[in-house]
Number of protein chains: 2
Amino acid sequence: MRMESKLINMGKQQNFKVGELMPGLSVDNVIFGFHDNQLKVLLLECMNHRDWMLPGGFVLKSESTDAAAERVLYDRTGLNNVYLQQFHVFGDPSRSRDSLMSSAMKSMELPFETDNWFKQRFVTIGYYALVEFEKVVPVPDSISASCAWHDTDKLPRLIFDHKDIIANALTSMRHHLNYQPIGYNLLPKEFTMKNLQSIYETILNRKLDRSNFTRKMLAAGILDKKEKLFAGGAHKAPYLYSFKKKEYLKVLKDGFNNEF
Amino acid sequence: MRMESKLINMGKQQNFKVGELMPGLSVDNVIFGFHDNQLKVLLLECMNHRDWMLPGGFVLKSESTDAAAERVLYDRTGLNNVYLQQFHVFGDPSRSRDSLMSSAMKSMELPFETDNWFKQRFVTIGYYALVEFEKVVPVPDSISASCAWHDTDKLPRLIFDHKDIIANALTSMRHHLNYQPIGYNLLPKEFTMKNLQSIYETILNRKLDRSNFTRKMLAAGILDKKEKLFAGGAHKAPYLYSFKKKEYLKVLKDGFNNEF
DNA sequence: TCAAAAGTGTTAGCCATACACCCATGC
DNA sequence: GCATGGGTGTATGGCTAACACTTTTGA
């Protein structure tokens with residue numbers, strides 16, 4: 001086997017030899033952003049058909065799975081040091097049996113060994129990331145036609161089990177909400193209470209009472225109320241808030257809603 | 001490479017060829033049981049030194065990771081159809097660099113290829129299982145001297161990062177407690193309220209108010225109060241309870257404490 | 001001036017907490 | 001009978017849900 005000498009494209013940054021990669025193991029990132037009071041997810045458009053996929057990649061033999069996910073995130077967004085959370089492993093052998101993907105791979109005319117690499121069964125580790133929308137410059141990888149944000153409630157057709165992976169990421173976040181605050185990584189420095197509430201409503205998939213939400217958030221003691229008002233909107237101008245980083249991290253660590 | 005022809009012992013049930021396994025991927029089970037109002041975990045004692053390890057195994061190329069974990073669980077306990085939950089992936093390349101384990105492997109005088117198999121870097125998927133203590137007949141695998149229960153708060157020395165894995169399993173359970181009932185798989189048909197409370201207290205690592213715990217559990221509507229009393233104890237005889245399976249499963253699915 | 005967005009206030013009801021009190025039993 | 005374990009009751013405070021009222025602003 002001379003497989004080790006073949007190169008696999010791992011994004012625009014680097015190519016790696018097959019022999020340097022963990023065989024059959026990948027990471028897939030569900031990258032969430034927030035814009036227009038809508039939760040968005042970053043997707044790649046496959047080169048040869050109209051389907052989309054999650055930004056993903058392989059794991060180097062020398063790196064941790066977390067590092068692999070960070071690398072993928074960096075390659076697609078240019079961002080470092082963001083909230084990145086492993087949430088589930090997708091290990092069904094049939095998960096990558098996708099006729100569309102296979103035909104796409106075929107039309108790419110990959111060299112034999114690389115083709116075989118892609119065709120093997122993969123176990124993938126799902127990570128979700130929360131990133132600041134404005135800071136992201138989406139970068140497609142070499143096998144993708146484009147890289148773009150999509151509303152989480154209006155997803156395009158996705159390859160493999162990627163739709164399930166996104167749904168699972170949302171459910172995991174919903175559970176994490178019960179013992180962690182959220183928003184620090186999703187929102188810009190200053191934001192309105194409505195922005196924050198919209199994030200919670202999207203993740204929880206239900207409306208929250210405005211008044212009660214404000215009270216609860218302020219009670220958590222992680223917000224700074226600015227004197228400045230939000231400009232540009234129609235109607236009454238809302239206050240701007242920012243997170244108190246120290247307190248936010250403390251609540252993140254010690255628990256938010258400590259149940260039981 | 002003739003590695004494919006070498007056999008790896010996968011427990012007392014079967015041997016598998018190396019070529020049939022996912023390389024570098026394993027599952028490790030944290031199997032919880034409950035006895036004497038104490039939470040226990042099932043461990044294997046390494047053949048050649050005094051350290052212990054979690055029951056684990058490799059993933060067949062043809063099976064799902066969940067199925068691999070079920071297989072491991074069955075081999076060590078003889079149990080099927082129990083609560084088995086994936087909770088975290090341990091993917092640090094240095095996690096299996098354990099001098100004790102390496103020396104243990106050395107002393108086992110494994111054939112070269114098999115030795116190499118064990119020495120490669122492994123990413124392991126952590127599962128935790130909740131099983132009925134009385135129903136388990138612990139079975140060591142071929143490389144272990146014994147298989148026995150240990151109190152979760154008095155663990156022996158463990159290889160690799162297995163101590164971290166157990167701690168992580170407990171934390172994950174603690175979080176799951178907030179939206180799932182627990183106990184159905186850990187307790188025998190009939191049990192006392194104190195038994196159930198002890199499980200919660202162990203997992204949450206703090207004392208709960210007896211009166212309030214009873215009220216909360218009864219309010220959930222998943223318990224049947226038996227007329228029979230628990231016999232044999234000193235002092236006042238407590239009532240026996242059993243789970244209402246249908247209601248239990250409904251609460252398991254729909255959520256227990258729906259927060260937010 | 002009016003509708004919509006946002007700030008603030010109020011109330012009822014539920015639930016967690018922290019006990020208090022009583023009963024049953026073995027020593 | 002008394003210490004202990006276990007069943008039951010209750011007062012309190014806090015939080016949530018629901019909604020009312022006010023303020024600000026652009027159209």
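- Less than 6.0 angstrom separates the ring centroid of B:Tyr200 from the ring centroid of B:Phe213.
- In this structure, B:Asn212 and A:Ser211 both approach DNA chain D, and ranking their closest nucleotides by distance from the 5' end singles out B:Asn212.
- Between B:Gln197 atom CD and C:dT17 atom P the separation is 12 Å, expressed in whole Å.
- Rounded to whole Å, atom P of C:dA16 lies 8 Å from atom CZ of B:Arg215.
- Across the protein-nucleic acid pair, A:Met193 atom CE and C:dG7 atom C1' stand 11 Å apart, rounded to whole Å.
- Taking atom CG of B:Asp209 as the reference point, atom C1' of D:dG9 lies 12 Å away to the nearest angstrom.
- A cation-pi arrangement, defined by a distance under 6.0 Å to the six-membered ring centre and an angle within 45 degrees of its axis, is absent between A:Lys225 and A:Tyr241.
- Straight-line distance from the NZ atom of A:Lys207 to the P atom of D:dC19: 16 Å, rounded to whole Å.
- The separation between A:Lys226 atom NZ and C:dG7 atom P is 16 Å, rounded to whole Å.
- Picking from C:dT8, C:dT17, D:dG7 the nucleotide with the shortest atom distance to the side chain of B:Pro238 gives D:dG7.
- Protein atom NZ of A:Lys236 is 17 Å distant from nucleotide atom P of D:dC21, rounded to whole Å.
- Ring geometry for B:Phe191 versus B:Phe243: interplanar angle of 30 to 60°, hence tilted.
- The shortest distance between the side-chain N/O atoms of B:Lys216 and the OP1/OP2 oxygens of C:dA16 is below 4.0 Å.
- Side-chain contact of B:Tyr83 with B:Gln180: a donor-acceptor pair under 3.5 Å is present, judged by distance alone.
- A:Met217 has its CE atom 14 Å from the C1' atom of D:dC15, to the nearest Å.
- For D:dG7, the base has a donor-acceptor partner in the side chain of B:Arg210 [N/O atoms by modelled type, under 3.5 angstrom].
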